[in-house]
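Notes follow once the structure below has been shown.
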Number of protein chains: 2
Amino acid sequence: MDFELSIDPNEPVPIWKQIEEGVRRRIAAGGLHAGDAVPSVREAAVRLRVNPATVARAYRFLVDAGLLSVRRGEGTFVAKLGGDAAEMLRREELGRAARRYTGTAAELGVSIDEALEAVEDAWRRNVPADRKREGQAHG
Amino acid sequence: MDFELSIDPNEPVPIWKQIEEGVRRRIAAGGLHAGDAVPSVREAAVRLRVNPATVARAYRFLVDAGLLSVRRGEGTFVAKLGGDAAEMLRREELGRAARRYTGTAAELGVSIDEALEAVEDAWRRNVPADRKREGQAHG
DNA sequence: CATAGTGTATTAGATGAGCGATACACCTGG
DNA sequence: CCAGGTGTATCGCTCATCTAATACACTATG
């Protein structure tokens with residue numbers, strides 16, 4: 001896989017966490033399927049310009065979460081998840097993001113309608129046409 | 001004012017930034033109006049259990065952003081913003097949050113409809129009834 | 001002027017997370 | 001066994017953050 005995760009060392013959130021979330025979301029989005037191999041810690045480290053230990057830490061958390069599976073000496077692979085686990089994971093991630101958003105919206109004292117409108121608006125600007133095709137690949 | 005900002009030292013984002021965003025959102029939400037005094041750096045430091053220098057840094061950024069105004073020797077006050085500047089600030093904050101959300105949603109490969117549905121769902125759970133009253137205080 | 005309240009600036013210190021380097025344990029294939 | 005691949009564990013170093021103490025300039029009050 002390309003493993004084109006967007007890593008920003010300037011972000012306050014640690015690099016290993018950015019990697020973790022990136023992989024988690026890719027699995028949730030269906031870009032990584034059960035049994036697929038993820039890059040080795042060293043290879044990923046080279047591509048992302050970070051230390052192998054940093055990648056290893058991200059992988060470790062994903063293994064603990066049951067999303068990745070390690071075959072020692074061979075590599076790291078996407079774990080076999082039960083049935084629609086990927087789908088559930090996707091909903092979970094989406095729900096988490098939605099809660100964060102509504103929390104902020106509530107702090108700002110906006111109405112639900114305004115909050116929804118802002119999402120629609122942001123969607124039109126943020127998501128270029130080529131992204132819209134992917135939306136129907138999962139369901 | 002109560003200044004009950006939620007500060008979490010465990011968050012990856014620095015404390016001074018949490019304070020800054022808290023005040024910014026409160027102004028955007030209309031909880032702080034032009035001319036209102038914010039707590040002194042020392043008083044806020046006592047309430048939030050942090051160092052005065054930490055509060056001072058947050059205030060400094062808010063002053064640079066034009067949201068707070070300092071009357072040396074007297075205190076720090078919410079700056080007089082032109083007309084509907086608070087409204088614009090609110091939209092800005094909301095837009096920023098919405099973009100972050102849609103960005104995540106796009107990464108997950110969800111459709112716009114699903115993204116909106118997730119917001120509605122999160123809103124019902126997250127925002128208790130007492131918060132809904134505030135929604136019509138603006139606009 | 002004296003006092004006490006503001007914000008600001010500076011310095012120094014402590015802490016802890018993040019990260020890099022290295023060595024180790026395991027598997028595959030020769 | 002050996003060589004090269006894997007993930008894992010450990011040790012320090014670096015650095016941003018936060019804290020603490022202090023001093024300063026300014027303003028209101030008496």
Side-chain angles (χ1 to χ4, degrees), chain A residues 1 3 5-24 27 32 35-80, chain B residues 1 3 5-24 27 32 35-80:
Chain A
M1 71 168 291
F3 216 64
L5 300 180
S6 55
I7 302 302
D8 185 0
N10 296 336
E11 287 277 317
V13 46
I15 295 179
W16 64 265
K17 200 157 197 173
Q18 295 182 40
I19 298 174
E20 184 205 346
E21 292 193 1
V23 174
R24 170 177 269 121
I27 294 176
L32 280 172
D36 287 354
V38 296
S40 71
V41 290
R42 289 171 180 80
E43 183 180 350
V46 171
R47 292 196 194 174
L48 300 177
R49 316 286 182 87
V50 297
N51 195 286
T54 304
V55 180
R57 185 174 342 192
Y59 280 13
R60 172 146 179 67
F61 276 85
L62 289 165
V63 168
D64 289 350
L67 295 180
L68 293 185
S69 171
V70 165
R71 291 207 287 271
R72 198 166 177 117
E74 294 188 53
T76 307
F77 306 83
V78 179
K80 234 178 144 178
Chain B
M1 70 170 290
F3 215 64
L5 301 180
S6 56
I7 303 302
D8 185 0
N10 297 336
E11 288 278 316
V13 45
I15 297 179
W16 64 264
K17 200 157 197 172
Q18 295 184 38
I19 298 174
E20 184 205 345
E21 293 194 0
V23 174
R24 171 176 271 120
I27 294 175
L32 280 173
D36 286 356
V38 295
S40 71
V41 289
R42 290 171 179 82
E43 182 180 350
V46 171
R47 293 197 196 174
L48 300 177
R49 314 288 182 86
V50 297
N51 196 294
T54 304
V55 179
R57 185 172 344 191
Y59 280 13
R60 173 146 180 69
F61 276 85
L62 289 165
V63 169
D64 289 348
L67 295 181
L68 293 184
S69 171
V70 166
R71 290 208 289 271
R72 201 170 176 112
E74 293 189 55
T76 308
F77 305 82
V78 178
K80 230 179 147 179

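- Taking atom CG of residue A:Asn51 and atom P of nucleotide D:dG12, one finds them 17 Å apart after rounding to whole Å.
- Along DNA chain C, the nucleotide nearest to A:Pro12 and the one nearest to B:Pro52 differ in position, and the one closer to the 5' end is contacted by B:Pro52.
- Paired with A:Leu62 under the rule side chain to side chain contact (heavy atoms under 4.5 Å, CB included), one option of A:Val23, A:Ile27, A:Ile19 passes, and it is A:Val23.
- Along DNA chain D, the nucleotide nearest A:Gly73 and the nucleotide nearest A:Val63 are compared for position; the residue whose nucleotide lies closer to the 5' end is A:Gly73.
- Atom CH2 in A:Trp16 sits about 10 Å away from atom C1' in C:dG18, given to the nearest Å.
- Atom CZ in A:Arg49 sits about 17 Å away from atom C1' in C:dG20, given to the nearest Å.
- The side chain of B:Thr54 lies closest to D:dC18, out of D:dC18, C:dG20, C:dG7.
- Here the P atom of nucleotide C:dA17 and the CG atom of B:Asp8 are 13 Å apart, to the nearest Å.
- Position along DNA chain D of the nearest nucleotide to B:Arg42 versus A:Ala53 favours A:Ala53 as the more 5'-ward residue.
- In the set C:dA25, D:dC18, C:dA21, D:dC18 carries the atom at the smallest distance from any side-chain atom of B:Ile15.
- When distances run from any side-chain atom of A:Ser40 to the nucleotides D:dT19, D:dG7, D:dA9, the shortest one goes to D:dG7.
- Comparing C:dG20, C:dG7, C:dC27 against the side chain of A:Glu74 picks out C:dC27 as the nearest.
- Base engagement by A:Arg57 is indicated by at least one non-hydrogen atom pair under 4.0 Å involving a base atom.
- Looking at B:Tyr59 and B:Ser40, their side chains never come closer than 4.5 Å, going by heavy atoms from C-beta outward.
- Mapping A:Arg71 and A:Val50 onto DNA chain C by nearest heavy atom places A:Val50 closer to the 5' end of the strand.
- Looking at A:Glu20 and A:Arg24, a side-chain N of the basic residue comes within less than 4.0 Å of a carboxylate O on the acidic one, giving a salt bridge.
- Separating the CG atom of A:Leu48 from the P atom of C:dG18 is a distance of 17 Å, rounded to the nearest angstrom.
- Going from atom CD of A:Glu11 over to atom P of D:dC15 covers 21 Å, rounded to whole Å.
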Fill in: Step-by-step salt bridge (charged side-chain N to carboxylate O under 4.0 Å, His left out) determination, B:Glu43 to B:Arg47
CA-CA 6 Å; B:Glu43 182 180 350; B:Arg47 293 197 196 174; 2.4 Å; yes

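- Atom C1' of nucleotide C:dG18 and atom CD of A:Gln18 are separated by 12 Å, given to the nearest angstrom.
- Here the P atom of nucleotide D:dA16 and the NZ atom of B:Lys17 are 15 Å apart, to the nearest Å.
- Here the side chains of B:Leu68 and B:Phe77 are not in contact, with every heavy-atom distance at 4.5 Å or above.
- For B:Val41, the side-chain atoms get nearest to C:dT8 when compared with the rest of D:dT17, D:dG7, C:dT8.
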